[in-house]
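Since the model is a prediction, treat every value here as computed from it, not as a measurement. Each chain gets a letter, A, B and so on, in the order its sequence line appears, and its residues count up from 1.
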There are 2 protein chains.
Amino acid sequence: MTVDVKEVQEKLSVNNYKMTSQRKLILKIIMNNEGKHLSAEEIYAKVKEANPGIGLATVYRTLELFSELGVIHQLNFDDNCRRYELDHGEDHHHHLICVKCGEITEFNDYILEEFEEDIEKEHNFIVSDHRIKFYGYCGNCQ
Amino acid sequence: MTVDVKEVQEKLSVNNYKMTSQRKLILKIIMNNEGKHLSAEEIYAKVKEANPGIGLATVYRTLELFSELGVIHQLNFDDNCRRYELDHGEDHHHHLICVKCGEITEFNDYILEEFEEDIEKEHNFIVSDHRIKFYGYCGNCQ
DNA sequence: AAATCAATGATAATGATTATCAATATTATG
DNA sequence: CATAATATTGATAATCATTATCATTGATTT
Ligand SMILES: [Mn+2]
Ligand SMILES: [Mn+2]
Ligand SMILES: [Zn+2]
Ligand SMILES: [Zn+2]
């Protein structure tokens with residue numbers, strides 16, 4: 001379930017998109033910063049280090065495109081900007097959010113299988129994805 | 001765990017805030033629209049019906065205040081505005097989000113108790129709250 | 001090479017939220 | 001009661017993340 005450039009290239013071409021140098025760079029930035037949950041602006045800053053000519057609009061467009069293709073997905077940590085991380089499909093994780101310092105910790109998801117089935121039956125709803133956030137106090141902030 | 005006006009009045013006065021007519025009206029709008037997950041603008045529209053003189057800023061301020069006091073909490077359904085609902089403390093619920101039509105369905109939360117304990121031990125994190133969203137297809141959209 | 005289509009960069013526009021500030025209401029004080 | 005002090009409000013301006021626009025550039029096809 002690890003994402004690699006080749007796989008994304010495939011996804012792009014299947015959908016008649018091209019792997020441009022800008023898109024490749026943005027992808028690499030995201031891959032090299034797993035667990036950092038970068039925002040568009042933060043990605044833009046890093047992207048400019050490698051290619052100062054790149055435009056902010058391209059970053060936003062690429063993030064939108066990668067989201068559509070399921071390469072990445074958006075996160076919301078209540079800090080009024082969207083954040084992004086690679087979409088690892090099945091073996092995904094969720095987040096602990098420290099309400100004091102804002103630190104984000106990841107934890108693996110493994111418990112919701114049977115719960116999903118209950119939900120599907122009880123509400124006639126076909127679950128395709130889910131997201132869990134725990135709020136509380138990290139080690140430093142207790 | 002049902003929220004009522006008197007209780008909120010108490011919370012306000014304990015923290016040296018006053019229950020003004022505007023605040024009471026906004027609270028009632030939210031209480032009379034349980035399950036609707038109104039945004040600030042939507043609340044503003046309903047508030048104006050009863051009191052056309054009220055300002056949008058007051059709505060935002062009041063929502064902020066109520067959030068701080070734990071009377072309500074924010075929701076994010078990925079539609080680029082914040083939505084609000086009463087905070088029922090312990091007996092809370094979570095949301096199913098139809099990715100096709102956007103319908104929101106509520107479901108009760110009862111499974112995460114033991115999971116929380118695991119999390120707390122494994123990550124040295126004291127959980128105070130959590131939020132779950134399931135994405136998928138509602139009955140109409142399957 | 002010319003024509004066609006996709007992608008980009010610069011920049012303007014949008015829209016939700018926040019900040020400002022003068023006016024008004026409420027409470028405390030003499 | 002009158003007045004000072006404080007809290008709240010409404011109007012409006014500012015902010016800032018995100019989107020839209022559009023001319024330019026790059027790639028692909030004929
Ligand atoms: Mn993560
Ligand atoms: Mn709800
Ligand atoms: Zn912390
Ligand atoms: Zn639906």
Side-chain angles (χ1 to χ4, degrees), chain A residues 8-9 11-30 37-69 71-84 102, chain B residues 8-9 11-30 37-69 71-84 102:
Chain A
V8 176
Q9 195 144 23
K11 266 187 187 168
L12 284 168
S13 69
V14 165
N15 295 86
N16 286 322
Y17 295 111
K18 299 173 185 64
M19 176 59 97
T20 64
S21 67
Q22 292 91 336
R23 286 173 180 164
K24 190 179 287 184
L25 178 55
I26 291 167
L27 176 60
K28 280 186 174 164
I29 298 283
I30 297 172
H37 311 111
L38 301 177
S39 68
E41 287 282 358
E42 286 165 356
I43 292 169
Y44 178 56
K46 287 180 189 295
V47 154
K48 288 202 88 147
E49 291 172 16
N51 176 357
I54 207 166
L56 177 59
T58 298
V59 172
Y60 273 102
R61 274 189 297 244
T62 302
L63 292 173
E64 173 66 20
L65 178 60
F66 284 174
S67 295
E68 276 171 21
L69 297 178
V71 175
I72 60 176
H73 58 246
Q74 293 180 22
L75 299 171
N76 183 286
F77 294 143
D78 314 293
D79 62 347
N80 63 285
C81 70
R82 296 174 196 160
R83 296 181 173 278
Y84 301 86
Chain B
V8 176
Q9 196 144 23
K11 267 188 189 170
L12 283 168
S13 69
V14 164
N15 295 86
N16 288 322
Y17 296 111
K18 298 173 185 65
M19 178 59 98
T20 64
S21 67
Q22 292 92 334
R23 286 172 180 166
K24 191 179 286 185
L25 178 54
I26 291 167
L27 177 62
K28 280 187 174 160
I29 299 281
I30 297 172
H37 311 111
L38 301 178
S39 66
E41 288 282 356
E42 287 165 355
I43 292 169
Y44 177 57
K46 287 181 189 295
V47 153
K48 286 202 86 144
E49 290 171 17
N51 176 358
I54 207 166
L56 177 58
T58 299
V59 173
Y60 273 102
R61 274 189 295 246
T62 302
L63 292 173
E64 172 67 20
L65 178 60
F66 284 174
S67 296
E68 275 171 24
L69 297 178
V71 174
I72 61 178
H73 58 245
Q74 294 182 20
L75 299 171
N76 182 287
F77 295 144
D78 313 295
D79 61 348
N80 63 285
C81 70
R82 296 173 197 162
R83 297 181 171 279
Y84 301 85

Point to revise | Rounded distance in Å - CG (B/N16) to C1' (D/dT8) | key: 14 Å
Check your understanding: How many Å lie between CZ on B/F77 and P on C/dA16, as a whole number?
Key -> 17 Å
Exercise for review: Would you please name every residue forming a ring-ring contact (aromatic ring centres under 6.0 Å, His included) with A/H73, sequence neighbours left out?
Suggested key: none
Practice item. Please state how far atom OH in B/Y17 lies from atom C1' in D/dT6, giving the value in whole angstrom units. Key: 14 Å
Practice item. Identify, with sequence neighbours excluded, every residue that meets side chain to side chain donor-acceptor pair (under 3.5 Å) alongside B/K28. Key: none
Exercise for review: Mind calculating the distance between CD (B/Q22) and P (C/dA23) to the nearest angstrom?
Suggested key: 18 Å
Check your understanding: How close or far is atom P of C/dA16 from atom CG of B/N76, stated in whole angstroms?
Key -> 14 Å
**Study point:** Interatomic distance, B/K24 NZ vs C/dT26 P [rounded to whole Å]
**Key:** 12 Å
Review point. Is it the case that more than 12 heavy atoms not belonging to B/Y17 sit under 6.0 Å from its OH atom?
Key: no
Practice item. Nearest whole angstrom, please: distance from the C1' of D/dA7 to the CG of B/L65. Key: 12 Å
Exercise for review: Output all residues satisfying salt bridge (Lys or Arg N to Asp or Glu O under 4.0 Å) with B/R83, sequence neighbours left out; order by chain, then residue number.
Suggested key: B/E42, B/D79
Check your understanding: Could you run down nucleotides 11-30 of chain D 5' to 3' and tag each one B, S or - for protein heavy-atom contact under 4.0 Å?
Key -> B-----SBBBB------S--
Exercise for review: Return the set of residues passing side chain to side chain contact (heavy atoms under 4.5 Å, CB included) with A/N80 (not counting sequence neighbours), or none when no residue passes.
Suggested key: B/R82
Practice item. Give a yes/no on whether any side-chain N or O of B/T58 is located under 4.0 angstrom from OP1 or OP2 of D/dT9. Key: no
Review point. Given atom CG of B/L63 and atom P of C/dA16, what is their separation to the nearest angstrom?
Key: 14 Å
Practice item. Please identify each residue that fulfils side chain to side chain contact (heavy atoms under 4.5 Å, CB included) with B/E64, with sequence neighbours left out. Key: B/E68
